[in-house]
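To start, the structure under review is shown below, and the notes come after it.
Proteins come first, then strands; the chains are lettered A, B, ... in the order of their sequence lines, and each starts at number 1. Just so you know, these numbers use all the heavy atoms, side chains as well, and skip hydrogens, waters and symmetry mates.
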Amino acid sequence: MSQKLRYAYYPGCSGQGTSKEYEQSTRAVCEALGMELVDIPDWSCCGSSPAHTVDHRLSSALSGRNLALAERLEGVSAILTPCPSCLTNLKVSAHKMKDPEFAAEVNALLDFPVRNTLPVKSILQAIYEDVGPDALRPKAVRLLTGLKLAPYYGCIMNRPPHIMEFDDHENPIAMDQLMEAIGAEAVTFPLKVECCGASFGVARRDIVQKLSGKLLDTAASNGADAVVTACPLCQMNLDLRQDQINVANNTSHNMPVFYYTQLIGLALGMTPSQVGLEKLEVSPMALLESLPARAEAQAQAAKKPASKGAQS
Amino acid sequence: MNVIALSHSQDRDFIAQVEKESGQNVSLCYQCGNCTAGCPYTFVYDIPVHQMMRLLQAGQKEALLSCRSVWLCATCQSCTTRCPNNIDVAHIVDVLRHMARREGYSTEYGVKSFVDSFLESVEKNGRAFEMGLLLRFIGKTGRFWTDVDLAPKILPKGKLSPLPHKVKNPEAIAKIFERFRQECQK
Amino acid sequence: MKIGVFVCHCGSNIAGTVDVVQVAEAAKSMPEVAFAKDTMYACSEPGQQGIIDAIKEMGLDGAVVASCTPRMHGSTFMRTVARAGLNPYMFEMANIREHVSWIGKDKVANTRKAIDLVRMAVAKLAQNKPLYSQSFSINKRVMIIGGGVAGIQAALDCADGGLQVVLVEKTTTIGGKMAKLDKTFPTVDCSSCILGPRMVDVAQHPNITLHASAEVDEVFGYVGNYQVEVRKKATYVNWKTCTGCGACMEKCPSKKSKDPFNELIGTTTAINIPFPQAIPKRASIDRDSCIKFKTGKCGICAKVCPTKAIDYDQQDEMITEEVGAIIAATGFDLMDWHVYGQYGAGRYPDVITSLQYERMLSASGPTGGHIKRPSDKKEPKTIVFIQCVGSRDKSVGRPYCTGFCCMYTAKQAILTKDHIPDSESYVFYMDIRAPGKMYDEFTRRAMEEYGAKYIRGRVSMVYPQDGKMIVRGVDTLAGAQVEVEADLVVLAVGAEGAAGSAQLAEKLRISYDSYGFFMEGHPKLKPVETNTAGVYLAGCAQGPKDIPSSVAQGSAAAAKVLSLFSKDQLQSDPQVSKVDLKRCVGCMKCAITCPFGAIKETEVRGEIKAQVIETICQGCGICTSTCRQGAIQLQNFTDNQILAEVNALLSSETEEA
Amino acid sequence: MDKELRIVGFLCNWCSYGGADTAGVGRFVQPTDLRIIRMPCSGRIDPLFVLKTLIGGADGVLVSGCHPRDCHYAEGNYYARRRLEVLKRFLPIIGIDPGRFEYTWVSASEGQRWQHVVTSFTNQIHALGPVQRIGRQSLAKACSLGTVLEPLA
Amino acid sequence: MSLQDELKAQIVKRLPELDVVIGWGQGYDSLHRTPLFITSEADVDKLVFDPLCVHNLSTYLTRYGSAKRIGVVVKGCDSRSVVELLQEKLIHRDKVMVFGLPCEGVADLGKVKRALAAKDLDMGRVRAASFADGDLVVTVSGQEIRLPMAEVQADKCGRCRYHNAVIHDEFAGQPITEAAPDTYADVAAFEEQTLEERMEFWREQMERCVRCYACRNACPLCVCRDYCIGQSREPNWVSQRDGLEEKFFFQMIHATHLAGRCTECGECERACPVDIPLLLLKRKLGKEILELFDYRAGTDPDAKPPLLNFKVQEDTINERGW
């Protein structure tokens with residue numbers, strides 16, 4: 001790729017706290033893939049879902065401040081964020097501000113106006129489209145063969161399609177393909193875009209227990225060893241609250257929940273601590289250590305039907 | 001179940017207001033129910049989504065603004081994405097929640113408190129401060145036991161900072177809130 | 001010139017939002033207007049009589065009727081004017097209904113606009129001249145495009161009426177979609193038992209020439225005298241010698257060929273006859289899966305064929321058919337339901353279309369009439385039917401109701417119970433559309449006697465879990481989300497115009513909508529006509545419809561052709577171009593741009609001049625706008641007539657200012 | 001909407017005139033400024049009709065025909081497309097805003113599209129305001145005269 | 001041998017095959033040339049060729065019946081009119097003999113008049129004119145004045161890219177190397193004005209029009225003659241009222257009727273007795289047609305003109321979506 005990949009980067013608040021490992025692995029992976037992330041100077045909270053549940057102007061203004069800051073950066077081709085919630089807020093603001101009347105209302109709340117010149121994308125979209133699984137594959141020095149993953153995109157990475165404009169809104173495949181490029185297997189997971197309970201964990205824990213519980217059940221019944229996700233909130237609900245879910249639903253899941261960037265990082269040769277694996281609540285270490293043996297078994301199994309197939 | 005006196009209780013201004021704020025035409029809904037069919041939150045709703053749409057068409061303001069469902073929608077976009085009439089249903093629910101707030105409803109007090117806590121945190125620090133907002137939420141609701149079981153899991157991992165990561169210039173964000181309040185009073 | 005103006009109330013249709021009395025009053029002061037009056041219904045018998053009386057009493061030279069669109073009643077009033085003894089072209093219409101009263105409620109603005117439109121019509125009429133038709137002879141053969149049940153009906157009716165019929169079918173057999181059906185509603189009688197004999201009649205009728213595996217390539221000419229280029233696609237079998245014995249099919253080693261007749265449920269041989277009752281019963285080779293074509297080796301069919309009919313070198317053949325009229329009966333196809341990601345977009349083998357299910361039900365189908373789900377060939381016990389997939393769904397660009405799905409779904413639910421008595425059928429529906437003789441009773445039977453569980457609501461998603469298909473929908477009547485663990489899911493996929501219908505419409509110069517359905521001449525009064533003279537429609541090509549309606553349209557189109565051909569000569573439209581010889585400089589630019597070749601070069605006193613062939617001229621007027629001298633003028637749309645309208649309109653503005 | 005302006009439409013009989021009829025049958029409300037002249041085909045539309053109308057004082061001219069590839073006369077709209085595109089590009093040299101003239105394609109089934117076209121075009125013309133006519137003293141000239149005359153008075 | 005003598009020799013050689021040869025001769029004063037209709041060898045001596053030969057003689061080609069064989073002397077720009085007439089089958093190749101010339105540019109007598117006026121001299125009093133070292137040398141009121149051609153050359157010559165006749169049976173002299181292409185800078189410059197200013201410009205210009213139709217009569221492609229729709233009743237496009245709109249609309253007829261045909265020879269503008277810059281309208285059309293269809297009129301006798309042609313999918317015209 002001759003063109004230099006240079007983006008404005010919006011880390012999002014959770015990257016400073018509950019999803020530190022996502023932030024850490026995202027930066028490491030982007031660097032390794034030659035994607036330069038330029039932090040938006042003095043970025044602030046996008047408003048997340050609470051803001052748009054209160055008022056769309058307020059929500060768009062909180063996001064808009066960051067859009068305007070990013071537009072001042074030079075030589076960047078897009079604004080990237082790892083977090084789907086931030087992504088939605090930034091994209092919805094940009095989309096709604098195409099209406100000049102609404103844009104005027106929002107700009108009235110801001111110190112300096114949004115010009116709406118840069119596209120907003122997720123880190124996932126940038127890795128998938130600007131680098132791509134084919135370019136990733138040869139870079140993987142450690143294939144994760146034998147790892148069966150339920151790829152979970154969350155409800156707002158791809159929806160609604162006319163705003164998110166990325167991948168299929170019912171059966172997204174970007175993360176599946178990236179995981180397959182690093183040797184892992186994406187199992188059938190029909191609930192790729194079902195909601196996990198979102199931010200109701202604090203106020204209505206029962207909701208998260210039911211919805212995230214169903215996700216874990218479905219992942220397990222489809223043979224997944226682990227869930228891989230692209231969303232801090234989803235990851236927290238599935239990982240940190242897995243014990244709460246087990247208690248409420250009388251289940252005994254012990255399913256690691258990765259960020260896809262952590263797995264790409266591992267495949268690119270990074271150490272577990274470089275991608276923050278120790279910060280996961282359900283430890284994946286035993287699973288990861290079992291991989292070489294599994295890969296071997298898989299290769300053996302693959303040989304038999306292959307030789308049989310050759311005969312017929 | 002109460003009789004809905006259609007001749008007297010249809011609030012047309014309410015319908016018009018929702019349509020204006022959401023940019024949606026509620027007459028497009030033909031009650032196929034696909035929104036409810038796909039909604040993951042139906043199990044906690046007091047009124048399923050398609051019935052909210054129906055009550056909206058009938059101008060039943062009180063029933064809608066006082067219901068739990070408007071607070072329990074997580075805007076997961078399932079309804080919007082699958083609506084055969086391209087109605088942005090999630091947006092309509094958002095608007096109903098805005099109206100419920102403005103008119104002083106807080107049927108799901110916990111949910112409202114969480115949102116308020118979050119935004120207060122943002123207004124003060126410029127960024128969401130998770131530890132701070134949790135404490136605010138507990139302060140508002142008196143639910144001291146909220147997620148105490150998670151504390152031993154999360155604290156050793158250094159994920160919850162005891163101090164906020166403030167922006168350099170938190171006043172800039174506070175000003176956005178301030179201007180917003182002024183606009184609202186106009 | 002003495003012009004009469006008649007302003008129609010159309011009941012309240014016009015008078016409700018236009019002050020028609022004021023319009024008539026204003027007309028009185030327009031140049032050349034000798035008489036103006038409002039009338040309740042201009043098109044009614046007393047309305048027309050009023051126009052005739054006024055023309056006769058006042059000695060009018062022409063009439064303007066301000067009412068609906070000329071596309072509706074233009075010809076009605078031209079006849080009225082003719083009955084009063086005037087030339088029918090001494091008439092103009094001002095469209096103050098579709099273009100005024102129906103599109104705005106501001107009575108002042110509407111009235112002003114109506115007056116302007118009348119002023120323009122009056123100004124144009126003042127420039128009109130009497131025009132006279134010419135007669136030309138017609139070729140009394142008819143081409144029918146599409147050999148489904150509508151086309152078959154039209155072909156048989158025309159042929160029985162004594163016409164020579166050319167039937168062109170795209171696939172290798174006639175029969176269309178109906179031939180694929182197992183049973184028909186609401187009688188549950190066997191589809192092939194009622195269609196089969198009609199197909200045989202087509203094959204045996206002395207007046208019918210059948211071109212199967214053929215498509216219309218190009219269409220030239222005009223009503224009464226069309227030339228149609230037909231491409232007979234290579235089948236690699238000489239159909240003159242093939243007897244349809246089927247020996248080739250038995251021996252063909254390539255058995256994985258796609259089977260479109262069976263809707264891709266199962267496979268067939270590379271050389272095949274699509275089904276036992278096919279007409280013509282002739283074999284054809286699917287190049288894509290034939291080993292001979294892929295590798296050059298094989299040739300078994302050629303060896304076993306008793307009549308040596310196999311011809312691997314066969315090429316497409318072009319033939320020209322000359323006909324006087326064309327009936328388009330090209331039918332429908334199912335829309336591409338793979339846009340429904342929530343139903344798996346084709347990823348789940350046990351989610352199938354209703355037409356695939358129909359093939360499974362059919363005793364001559366790929367499963368021999370046994371219902372087996374594709375994934376594991378097991379008999380399903382719980383079957384979910386989802387209606388309105390690609391119907392009444394704006395989000396996938398299909399806002400219309402296909403109309404027949406409710407009925408066939410009820411039929412399939414009934415047949416399912418017959419085939420698998422211990423099965424359970426669920427039908428997710430939005431509304432049951434069953435307006436027809438014994439139709440609603442039929443859907444009630446599905447519920448009452450056959451125990452089909454009807455659930456009112458759409459299905460949000462379908463996904464596999466533990467060997468079942470989880471169907472998550474809603475029961476809006478119960479106000480609850482519902483889930484069904486199904487073995488098989490059948491989608492009632494909506495219909496759209498058959499593949500290639502848009503291209504055909506362009507060749508026929510008829511209108512079509514964005515779904516590929518052809519536009520009829522008038523939604524009520526001309527259901528099987530088109531706006532192109534001599535081209536008619538039948539069956540689903542015009543819009544989705546069930547078998548009885550398709551058959552009725554087939555007969556209706558045949559009746560239209562028979563009536564067209566009942567005369568030996570047709571009257572040409574006198575709205576053709578005319579050359580003013582003294583103005584013509586013989587540059588022949590008109591001939592270059594004429595799409596119909598209707599202008600030829602001629603010599604008048606040693607000078608080259610253009611000449612219009614009136615029976616070929618279609619009246620588009622491209623020549624008129626090409627000619628710089630204004631030497632060739634389209635009659636009834638001359639420069640002066642249009643300029644009169646422009647000037648009338650602009651002068652009204654000047655007066656105002 | 002402010003005062004009605006003078007907008008003239010030249011529509012082909014088979015598609016766009018029918019589309020306008022379909023819009024009427026569907027009761028699709030439209031602005032009232034437009035006056036329609038029925039033509040057999042967009043290919044019949046001599047660009048001079050448009051110029052005559054614009055120079056004669058119309059504030060806007062709209063031409064609509066069958067969609068390309070769907071002409072009732074097979075090719076009329078193809079010729080129209082070239083002629084009208086040249087015309088639209090010519091207008092600026094004589095001081096007429098090219099936005100005062102648009103040509104588009106509406107089929108007989110597209111009632112809603114016709115409503116949209118009429119509404120958009122009417123709005124566009126209202127945004128441009130009344131046309132300045134070559135045959136009339138321009139506003140600019142009248143104003144400059146005014147300023148010259150004032151000190152004298 | 002001079003260019004003029006070479007041309008004369010060619011005409012003498014070919015004259016026996018022809019009924020007439022149209023060239024230029026001396027006009028009523030030393031600055032004017034006039035069309036010369038050569039029917040005998042004696043006439044050939046009267047032939048002149050210099051930068052004062054401004055007329056486009058192809059205008060006369062359509063005035064003869066189709067039976068006559070006509071020779072015509074053409075400069076580069078004039079030759080394009082011949083090509084256009086051939087393409088439109090208004091003349092026939094076997095009836096026309098083209099004597100082609102290279103041309104370095106012609107004088108604009110309007111400019112000459114203004115240049116002399118600037119020196120308080122009257123062009124009407126010019127008694128002799130000749131060319132030397134790129135200057136027009138005139139004797140006026142007893143003085144010899146040198147006017148550099150660069151200053152008095154016609155504008156069209158400055159941007160000319162067809163100095164040599166593009167079609168010819170005989171060619172006299174040496175071809176000139178073609179300069180850089182015409183960029184229509186004049187049109188672009190004019191269009192820097194506001195729309196109001198442009199209309200005001202035409203309003204002022206057209207005020208002067210006297211509807212003499214000299215523009216039309218000089219145009220080699222205005223072949224309608226007695227049947228020009230600008231003067232007819234059937235069809236009746238424009239009234240005889242002496243109004244600005246009527247005058248201007250006549251120019252719209254003239255311009256649109258030349259769309260895709262006009263070779264920008266500028267005869268309309270040169271012939272205009274009140275100096276209305278009519279060529280600007282035609283150049284605007286020429287510019288747009290070049291951009292849209294990559295077409296220059298009068299360069300290929302076999303080309304299909306763009307407005308009598310179409311593509312199902314036009315490359316340069318956007319479908320106008322609403």
Which answer fits C:V396, side chain, backbone, both or neither, if we ask what part of it has an atom under 4.5 Å from a heavy atom of chain B?
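Neither part.
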Return yes when atom NZ of C:K105 has more than 12 non-hydrogen atoms of other residues, nucleotides or ligands closer than 6.0 Å, and no otherwise.
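Check fails, neighbour count at 12 or below.
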Pairs of donor and acceptor atoms under 3.5 Å between chain C and chain B, please, with atom names and distances.
unit_1 : atom_1 : unit_2 : atom_2 : d
C:R392 : O      : B:Y30  : OH     : 2.4
C:K394 : N      : B:P84  : O      : 2.8
C:S395 : N      : B:P84  : O      : 2.8
C:R456 : NH1    : B:Q31  : O      : 2.6
C:R456 : NH2    : B:Q31  : O      : 3.0
C:R458 : N      : B:C32  : O      : 2.8
C:R458 : NH2    : B:Y30  : OH     : 3.0
C:S460 : N      : B:N34  : OD1    : 3.4
C:S460 : OG     : B:G38  : N      : 3.4
C:S460 : OG     : B:R82  : NH1    : 2.7
C:Q481 : NE2    : B:T36  : O      : 3.0
C:Q481 : NE2    : B:A37  : O      : 3.1
C:Q481 : NE2    : B:C39  : O      : 2.7

Toward chain C, the part of B:L28 with a non-hydrogen atom under 4.5 Å:
side chain
Measure B:C83 against the heavy atoms of chain C and call it side chain, backbone, both or neither at under 4.5 Å.
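Backbone of B:C83 only, per the 4.5 Å heavy-atom cut-off to chain C.
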